[in-house]
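These numbers were taken from a predicted model, which means no experiment stands behind them. A note on names: the letters A, B, ... follow the listed sequences, proteins ahead of strands, and every chain is numbered from 1.
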Amino acid sequence: MDLFEQISRFVVDAKGAGDGIAANSSVRVFLPELTICATIVLMLMVRIVTIGRFHKAARTYGGSAFWLALLGSLLALVLSAPWKHLSTEAMASPDALTRIEIFTGMLVYDTFTVFIRSVLLLFVVLFVVFTKLSGIPDREDGADIYTMVLGATLGMCLMASANHLLMVFMAIEMASVPSYVLAGLLKGRRTSSEAALKYSVFGAGTAGVMLYGISLIAGVTNTLHLPSLAVELVKLDLPAMINGGEMQTVMVLAVGTLMLMVGLAFKLSAVPFHFWCPDVFEGASAEVNAFLSVASKAAALALLVRVAISLSAIAPGTELPAVSQSEEVALLAVDDVVGSDGDTGDGDTGDDGEEIPAAVLLSKSDAMDCLAPSRGFLSRFIAIMAMVTCTFGNLAAFGQTNIKRLLAYSTIAHAGYMMMALPGLLALAGHDPVAAERAIAGLGVYIFIYLFMNLGAFAVVAFLRNSMRSEEICDYAGLIRQCPWTVIMFSAMLFSLVGLPPLAGFVGKFAVFAGVANAYFVTGESYLMWILIVGSINSAISLFYYLRVVKTMTMDPEPEQRTPFQVPVASVCYITIVSIPTVFLILGWDGINKMAVAAASHLLM
Amino acid sequence: MFEPENLLLATILVPLVGACLMWVLAPLGDVIVRRVALGTTLVALVGTWALVAKFPKNGDQPFAVWSWFDASRDLNVQFSLGLDGLSLWMFALSAVLMVTSIFVSWTAIRERVPLFYGMLLLLEFGCLGVFTAQDIILFYVFFEFTLIPLFFLIGIWGSEDRQYAAMKFFLFTLAGSMLTFLGLLAIVLFDYSRTGSLNFSIADLTSNQSVPEQWQVCIFVALFAGFAIKVPLFPVHTWLPLAHVQAPTAGSVFLAGILLKIGVYGFLRFSVPLLPNATAQCMPWLLWLSVIGIIYGALVALAQSDMKKLVAYSSVSHLGYCTLGLFALTPLAVQGSALQMINHGISTGALFALVGMLYERYHTREIAQYGGLAKRLPCLTFFMILFTFSSIGLPGTNGFTGEFLILIGMFQRGWATPDLLIIAILAVSGVVLGAWYMLNLVRRVFFGPLREPTGHGHDNGEPITDLNVREVAALLPLAVLVFWIGLYPKFFLDRMAPSLNRVTFAAEEEVRHLDIQNEKQAAAPQVVTESLARVR
């Protein structure tokens with residue numbers, strides 16, 4: 001294949017077969033990301049060029065970068081259009097979005113992509129407003145911050161739609177590098193620089209390990225394309241290998257998977273790769289914490305779902321290898337499949353069956369059975385990691401005196417809760433794909449709720465920091481007399497983080513635990529039971545440290561030397577708006593639940 | 001407009017609206033806030049008793065069912081409320097005790113008044129919701145929701161050690177209820193795996209009975225964790241005396257009167273009907289725990305020097321009777337237990353209110369500092385003696401009917417299963433101990449030479465006065481109920497009995513099966529020897 005042919009293939013792939021931007025164009029579904037890119041470029045340009053009156057007007061209303069970032073992310077959200085792709089009517093219609101691979105299989109565009117991308121973009125819109133209110137863009141480096149934030153968001157969107165291990169690595173790096181810079185945002189402060197340094201050293205280390213893991217997996221399976229990975233694993237026939245005692249390949253695969261997980265665990269701040277998290281959160285500003293704790297986690301979870309499925313289940317629309325009695329035919333058939341791997345999609349499978357009667361395609365359920373060992377391994381591994389992460393996060397949060405550190409450990413614990421959905425998915429994947437997708441829908445609901453809870457909590461921390469110049473819990477004593485409404489909202493947020501009904505956190509935990517419990521009843525695996533027990537005990541013990549903050553704010557006497565202050569009305573309004581979903585979601589979580597179910601509906605079937 | 005369904009929903013929402021009003025009216029001053037709070041509770045009271053009046057006699061299906069909308073159609077969690085014989089009286093009592101609670105905090109609460117009444121009304125909203133929820137998730141939502149207002153009530157307006165008490169109360173109850181949640185989830189999922197549709201309606205789950213026998217004990221233990229802490233049963237009762245002693249009077253009244261009953265109600269609503277097999281298997285253990293609670297609570301109450309602590313431990317003892325009657329699983333005992341739930345709410349609620357009134361006058365709860373108050377405060381003494389009699393179960397008062405039914409039912413059970421007879425006998429001794437510590441309290445505080453506590457900040461020239469109209473109004477409805485239930489319990493039992501029988505029927509059958517099996521096992525060797533003898 002010469003260079004020109006290659007280029008023309010890319011062009012066709014990008015703009016679609018047909019005139020203009022055709023329906024099957026990769027670019028068309030990639031528009032939200034492109035919008036973000038354009039926004040970043042525009043923001044950089046605006047700093048150089050002064051556009052007369054517009055510039056002046058923009059400056060008086062809080063900097064052109066803010067407006068550009070807000071408009072860009074809003075436009076991207078509109079282009080992402082979750083209401084168009086995830087509504088019940090859209091799912092029922094014949095030309096509904098299912099699953100297409102774009103950019104020659106590097107990325108995948110399905111309902112899950114739409115869901116996670118929309119959550120991320122919604123978060124960015126809210127986040128941009130939040131930074132404006134907390135006063136970050138008033139400084140001269142406001143534009144830099146938004147560039148970094150949007151750059152990281154771009155990486156996170158790619159994480160949510162990665163379909164190739166190289167893309168996985170690229171996306172993680174793309175999301176991480178701007179985050180390192182964001183962590184060092186407070187330039188004059190030593191703790192901030194320390195946070196940035198720690199974060200980047202840790203990130204670099206884990207990235208290296210992950211890359212090594214990817215190379216090991218590639219060495220064994222000869223592919224980096226995620227759906228093909230599962231097919232290659234089926235061909236390797238893991239059960240036969242394990243029964244036959246050929247452990248070398250299996251061990252290499254296992255080590256490769258573990259190393260790959262290291263990279264993901266770093267982004268998730270899962271134990272034992274969480275050490276950066278409290279230090280970075282303490283050093284960085286509360287705004288950056290909100291960004292790292294919500295967006296970064298949501299993207300990492302989406303990526304974890306993608307990678308876990310690719311290593312242990314057959315993606316929908318993937319061609320399966322052929323099986324036969326005689327080895328020669330089998331080899332032929334395998335060659336065939338490998339040869340036709342490039343063009344994905346419509347496989348007319350019935351034709352070659354007449355010529356070689358012995359070569360029938362492996363049925364999907366048999367293929368899934370072949371992957372049972374890798375599912376079991378991944379599922380148990382993630383289960384253990386989730387339980388340890390959750391327990392450690394909650395226990396370590398007990399002794400914290402700084403609210404940002406406390407919330408850092410709280411996000412570690414929440415990463416654990418959210419990871420608990422994965423074993424449910426993996427255990428169910430082989431038995432009941434519909435139920436498995438429901439387990440992922442539970443995770444989707446949790447991510448959506450978590451967005452509002454954590455953004456709200458960090459917003460309160462940032463606004464209080466602006467008003468009273470402190471982030472120590474003990475300085476919050478008796479705050480309810482000073483700013484009752486803010487404290488009430490903050491308390492609602494903290495109770496919701498515990499998962500106490502009737503607040504939204506309960507809905508999220510309910511959705512995730514219901515998936516795991518269902519997996520337990522279907523499969524009877526006892527480790528799933530342990531997840532449930534550990535999860536609920538953790539909810540109970542986590543109450544203590546959240547409650548301590550509430551107690552300090554509402555019950556402790558006010559310090560006498562406190563100068564009276566007021567939280568600005570705009571900030572209070574913002575907190576109120578963000579907390580509305582947290583408080584009232586229980587009244588109608590049908591909508592988000594349906595969207596999440598729609599989002600998960602093309603992951604396995 | 002006044003269809004029972006609409007009335008039910010309106011009654012439940014009244015306290016919520018009232019709580020919002022507290023916040024809106026806060027700038028107008030404490031007097032108006034108090035009056036509006038009182039007005040709200042009175043409206044809710046009228047609503048609940050109108051529902052009681054409309055409740056069909058001998059009706060055993062949920063009456064006045066309100067299904068508004070499907071909170072989530074896909075998961076089928078429904079916002080459905082309803083009343084039946086199990087919940088009717090606790091529902092009505094919640095409204096009565098809330099009026100008492102508001103009256104007793106009239107002058108006692110001086111700080112952050114709007115917030116206080118807002119929390120009280122939220123608490124009432126939660127309790128009314130718990131008793132009417134017909135959906136398992138809705139029940140759990142209300143169940144947990146009640147914790148939040150009470151946490152603030154204890155933590156902000158309590159006595160010296162309030163923060164520790166509030167934390168301990170919250171942690172204990174939440175830790176248990178997490179396991180309860182898992183148990184409830186498991187029940188729903190077993191139902192799902194059998195019927196193929198996710199169903200959260202309590203009535204449907206009860207009629208489906210889809211929990212396999214080998215799993216029942218496991219789930220029973222999970223449910224038990226939450227409900228037993230709430231009741232509280234003997235080994236997990238330690239949060240209760242602390243919470244009671246530290247809580248403001250209104251908090252104690254409502255905690256003792258209503259919140260503890262949610263545990264018993266949970267057993268009655270979920271554990272017994274949904275897991276009949278496990279209930280039958282665990283019955284001896286539960287009866288032993290209950291009777292230990294009765295005796296232990298009574299003995300500890302005897303040793304108390306603090307009045308409020310004494311009443312708190314008497315609660316542990318009295319709730320032992322409730323669970324004893326419930327798990328004796330004979331129709332009489334179960335009815336007695338349901339009646340005792342109301343009785344304890346009335347008598348202990350009133351006793352806490354009275355202790356609070358005494359504390360407001362003298363600022364101490366030490367029994368040793370008082371003596372001969374009958375001469376000084378005759379009206380208070382009258383009510384104290386009245387509710388003491390109700391608490392120890394003097395014939396003619398409500399306590400007698402409840403305890404009598406429970407003990408009769410327990411002896412019936414003991415008759416059927418002789419191993420359990422000893423429990424019935426021990427339970428009777430609890431009655432004697434109960435009379436001892438309560439009468440002892442009355443004797444030491446109200447009779448003998450007059451001795452008034454000094455030096456607690458009360459003697460700023462104001463003379464100590466007897467109960468005023470407001471305080472009498474707080475106690476009078478409870479006094480009426482004491483005699484109403486004591487003299488004509490049929491009115492109450494008629495409306496409960498059909499629902500109670502329906503709920504406990506399956507478990508009673510299981511117990512009978514178990515007894516027959518045990519007899520067969522015991523009889524088996526005998527049969528063999530007999531047949532051997534015949535062969536010879």
Side-chain angles (χ1 to χ4, degrees), chain A residues 88 435 438 441-442 445 480-481 484-485 488 491-492 495 498-503 506-507 509-511 513-522 529 532-533 535-544 546-548 550-552 554-556 585-594 596-598, chain B residues 23 26 68-77 79 111-112 114-115 126 129 137-145 147-148 151-152 154-158 162-164 166-168 170-186 188-190 192-193 198 215 218 222 225:
Chain A
T88 326
R438 252 176 200 284
V445 172
I480 193 160
R481 291 182 187 76
W485 187 240
I488 289 171
S491 307
F495 278 127
V498 183
L500 204 71
L503 299 160
F506 166 70
V507 175
K509 270 193 188 141
F510 172 71
F513 284 1
V516 179
N518 196 15
Y520 173 59
F521 286 118
V522 171
M529 178 75 162
L532 288 175
I533 294 174
S536 46
I537 291 175
N538 264 299
S539 301
I541 58 177
S542 73
L543 177 71
F544 181 78
Y546 293 119
L547 206 57
R548 203 170 44 120
V550 176
K551 189 205 82 177
T552 309
T554 56
M555 295 172 194
D556 283 357
L585 194 78
I586 191 95
L587 291 179
W589 42 302
D590 198 27
I592 182 63
N593 186 44
K594 275 210 179 107
V597 169
Chain B
W23 185 54
W68 174 23
F69 71 126
D70 300 352
S72 163
R73 270 180 302 280
D74 191 47
L75 276 165
N76 209 19
V77 176
F79 187 86
E111 279 179 40
R112 288 193 258 175
L115 192 61
I137 298 295
L138 192 65
F139 168 83
Y140 188 74
V141 167
F142 278 122
F143 182 72
E144 297 284 297
F145 178 71
L147 299 183
I148 298 175
F151 169 73
F152 287 114
I154 298 177
I156 299 181
W157 293 276
R162 56 182 179 266
Q163 299 192 353
Y164 174 63
M167 293 291 262
K168 189 168 180 182
F170 208 131
L171 286 174
F172 253 77
T173 14
L174 194 87
S177 62
M178 280 293 158
L179 285 174
T180 304
F181 179 60
L182 281 189
L184 295 177
L185 199 60
V188 170
L189 286 168
F190 273 120
Y192 173 62
S193 61
L198 267 181
W215 282 99
C218 200

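The two residues B:L115 and A:I480 have their closest heavy-atom pair at CD2-CD1, 4.5 Å. B:M167 and A:L547 make their closest contact through SD-CD2, 3.6 Å (heavy atoms, listed as atom of the first residue, atom of the second, distance). Residues B:L189 and A:A517 come closest through the heavy atom pair CD1-CB, 3.1 Å. Across every non-hydrogen atom of A:S536 and B:M178, the tightest pair is O-CG, 3.5 Å.
For A:F510 and B:Y140, the gap between ring centers reaches or exceeds 6.0 Å.
Note that the CZ atom of A:F506 and the CZ atom of B:F145 stand 14.0 Å from one another [nearest 0.5 Å]. Distance CG/B:L179 to CG/A:L532: 10.5 Å, rounded to 0.5 Å. The line from CD of B:Q163 to CE of A:M555 is 6.5 Å long, rounded to the nearest 0.5 Å.
At a 4.5 Å heavy-atom cutoff, the contact between A:L500 and chain B is made by side-chain atoms alone. In this structure, chain B has a heavy atom under 4.5 Å from the side chain of A:F521, while its backbone stays farther away. Both the backbone and the side chain of A:R548 come within contact range of chain B, with heavy atoms under 4.5 Å apart. Both the backbone and the side chain of B:A186 come within contact range of chain A, each with at least one heavy atom under 4.5 Å from a heavy atom of that chain. For B:I148, the part lying under 4.5 angstrom from a heavy atom of chain A is the side chain only. Using a 4.5 Å cut-off between heavy atoms, B:L171 touches chain A through backbone and side chain atoms alike. Of the atoms belonging to B:F170, heavy atoms from both backbone and side chain fall under 4.5 Å from chain A.
Not counting sequence neighbours, the partners of B:A175 by the side chain to side chain contact (heavy atoms under 4.5 Å, CB included) test are A:A540. With sequence neighbours excluded, no residue satisfies side-chain hydrogen bond (donor to acceptor under 3.5 Å, both in side chains) with A:N518.
Using the six-membered ring where Trp is involved, B:W23 and A:W485 have ring planes that are parallel, under 30° apart on the 30 and 60° scheme.
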